[in-house]
Q: 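Can you read through this structure? Questions will come right after.
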Amino acid sequence: MAALPEERLTAGKPFQFTTLDFFGPFPIKDLEKRRRTLKCWGVVYTCRASRAVALYACPGYDADSFLATQTKFAAVYGEPEKCYADYGTQILAGANRLESTTGTGAKKTQWVFTATGCKGRNGAAEVTIRSARRTLARVLEKGGKYMDFHEVNATLKRVGEILNRRLLMLEGGQDDQYYAITAADL
């Protein structure tokens with residue numbers, strides 16, 4: 001087995017080293033014209049050290065929509081030191097625009113992209129997407145009724161909370177008592 005990457009072993013703040021990826025699309029109803037359906041995507045952020053998860057709804061599959069979602073993420077968790085992502089055109093364009101607009105002295109994110117066609121190398125995000133899809137499949141289209149963008153975003157937040165409660169390890173105590181440790185505990 002190969003040695004673990006340094007960021008998996010480095011203690012730091014959550015999402016200091018992050019993996020991200022898009023998933024979807026999901027059909028949603030338009031807020032203005034209720035009979036019309038649109039598409040929205042999910043963006044999954046996974047902390048490489050603690051495996052904590054943050055899920056956001058993204059209204060489009062373009063650089064502007066990605067930048068808006070990245071700004072929401074950074075407002076809550078701060079700018080990641082290093083961010084791993086697939087070689088998607090919207091992510092690449094968004095990362096380039098972020099680097100060009102970052103002010104002097106501001107902390108810049110180092111972007112690391114997987115090779116084209118090698119989405120399996122973005123493993124932490126892919127595993128999280130698989131877990132999130134299982135939960136979302138039962139919720140998003142129940143009864144043939146589509147949700148709007150805000151409902152999908154709230155649902156993704158709830159799914160992220162559920163995924164952050166998954167067991168990472170058991171810690172043994174006295175008298176054969178065990179305590180579950182989850183990403184939410186960290």
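Keep in mind that this is a model prediction, so the values were computed, not measured.
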Q: Which residues pass the side-chain contact (heavy atoms from CB on, under 4.5 Å) test with Ile162, not counting sequence neighbours?
A: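 Partners of Ile162 by the side-chain contact (heavy atoms from CB on, under 4.5 Å) criterion, ordered by chain and then number, come out as Arg158.
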Q: After noting the C-alpha distance and the side-chain angles of Val44 and Phe22, does the key distance pass the side chain to side chain contact (heavy atoms under 4.5 Å, CB included) rule?
A: CA-CA 6 Å; Val44 60; Phe22 275 77; over 6 Å; no
Q: Return the minimal non-hydrogen interatomic distance between Ala57 and Thr69, and the atom names on each side.
A: O-OG1, 4.0 Å
Q: Donor-acceptor pair, Asp86 side chain versus Gly88 backbone, under 3.5 Å?
A: no
Q: Side chains of Tyr87 and Leu92: closer than 4.5 Å at any heavy-atom pair?
A: yes
Q: Just one of Lys13, Gln16, Gln110, Lys108 clears the side chain to side chain donor-acceptor pair (under 3.5 Å) bar with Glu81, so which one?
A: Gln16
Q: In Å, rounded to the nearest 0.5 Å, how long is the span from SG of Cys58 to NZ of Lys39?
A: 14.0 Å
Q: On a heavy-atom basis, which atom in Trp111 and which in Leu98 lie closest, and how many Å separate them?
A: CZ2-CD1, 3.9 Å
Q: Applying side-chain contact (heavy atoms from CB on, under 4.5 Å), name anything that partners Lys72, two or more places apart in sequence or on another chain.
A: Tyr56
Q: Of all the heavy-atom pairs spanning Ala93 and Ala63, show the shortest one and how long it is.
A: CB-CB, 3.8 Å
Q: Carefully, step by step, assess Phe66 and Leu20 under the rule side chain to side chain contact (heavy atoms under 4.5 Å, CB included).
A: CA-CA 11 Å; Phe66 169 66; Leu20 75 90; 4.0 Å; yes
Q: Is there a side-chain contact between Val112 and Phe17 in this structure, where contact means two heavy atoms from C-beta onward sitting under 4.5 Å apart?
A: no
Q: Tell me the closest heavy-atom pair linking Gly24 and Arg133, and the distance in Å.
A: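 Scanning both residues completely, I find the closest heavy atoms to be N-NH2, 3.6 Å.
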Q: Taking the inter-plane angle between the rings of Phe15 and Phe73 on a 0 to 90° scale, is it parallel (under 30°), tilted (30 to 60°) or perpendicular (over 60°)?
A: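 Ring orientation, 0 to 90° scale: perpendicular.
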Q: Listed by chain and number, what are the side-chain contact (heavy atoms from CB on, under 4.5 Å) partners of Leu38, not counting sequence neighbours?
A: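 Ile28, Asp30, Arg36.
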Q: Could you tell me which residues satisfy side-chain contact (heavy atoms from CB on, under 4.5 Å) with Asp64, sequence neighbours excluded, listed by chain and number?
A: Asp62, Arg97
Q: As an exercise, state the distance from CG of Asp148 to SG of Cys40, rounded to the nearest 0.5 Å.
A: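 Rounded to the nearest 0.5 Å, the CG-SG separation comes out at 10.0 Å.
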Q: Would you say the side-chain atoms of Ser65 pair up with the backbone N or O of Tyr61, donor to acceptor, closer than 3.5 Å?
A: no
Q: More than 12 foreign heavy atoms under 6.0 Å from NZ of Lys157: is that the case here?
A: yes
Q: Keeping Asn164 on the side-chain end and Gly160 on the backbone end, is there a donor-acceptor pair under 3.5 Å?
A: yes
Q: Kindly give the heavy-atom pair with the smallest separation between Pro80 and Thr109, and that separation in Å.
A: O-OG1, 2.8 Å
Q: Can you name the residues that form a ring-ring contact (aromatic ring centres under 6.0 Å, His included) with Phe23, not counting sequence neighbours?
A: Phe26
Q: For Cys47, does its backbone N or O pair with a side-chain atom of Ser50 as donor and acceptor, under 3.5 Å?
A: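 Checking the backbone N and O of Cys47 against the side chain of Ser50, no donor-acceptor pair under 3.5 Å is found.
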Q: Which atom pair, heavy atoms only, marks the closest approach of Phe149 to Pro59?
A: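 Heavy atoms of Phe149 and Pro59 come nearest at CE1-N, 3.6 Å.
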Q: Answer with yes or no whether the hydrophobic clustering places Val159 together with Val127; edges join I, L, V, M, F, W, Y residues whose side-chain heavy atoms lie under 4.5 Å apart.
A: no
Q: Which residues satisfy the side-chain hydrogen bond (donor to acceptor under 3.5 Å, both in side chains) test with Thr128, sequence neighbours excluded?
A: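 Only Thr46 meet the side-chain hydrogen bond (donor to acceptor under 3.5 Å, both in side chains) criterion with Thr128.
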Q: Any side-chain heavy atom of Tyr45 within less than 4.5 Å of one from Asp21?
A: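 No. Closest side-chain heavy atoms not under 4.5 Å.
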Q: Could you measure the distance from the OG1 atom of Thr114 to the CD atom of Glu126? Nearest 0.5 Å is fine.
A: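 Thr114 OG1 to Glu126 CD: 8.5 Å, rounded to 0.5 Å.
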Q: Less than 4.5 Å apart, any side-chain heavy atom of Thr155 and any of Met147?
A: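 Answer yes - side chains close enough.
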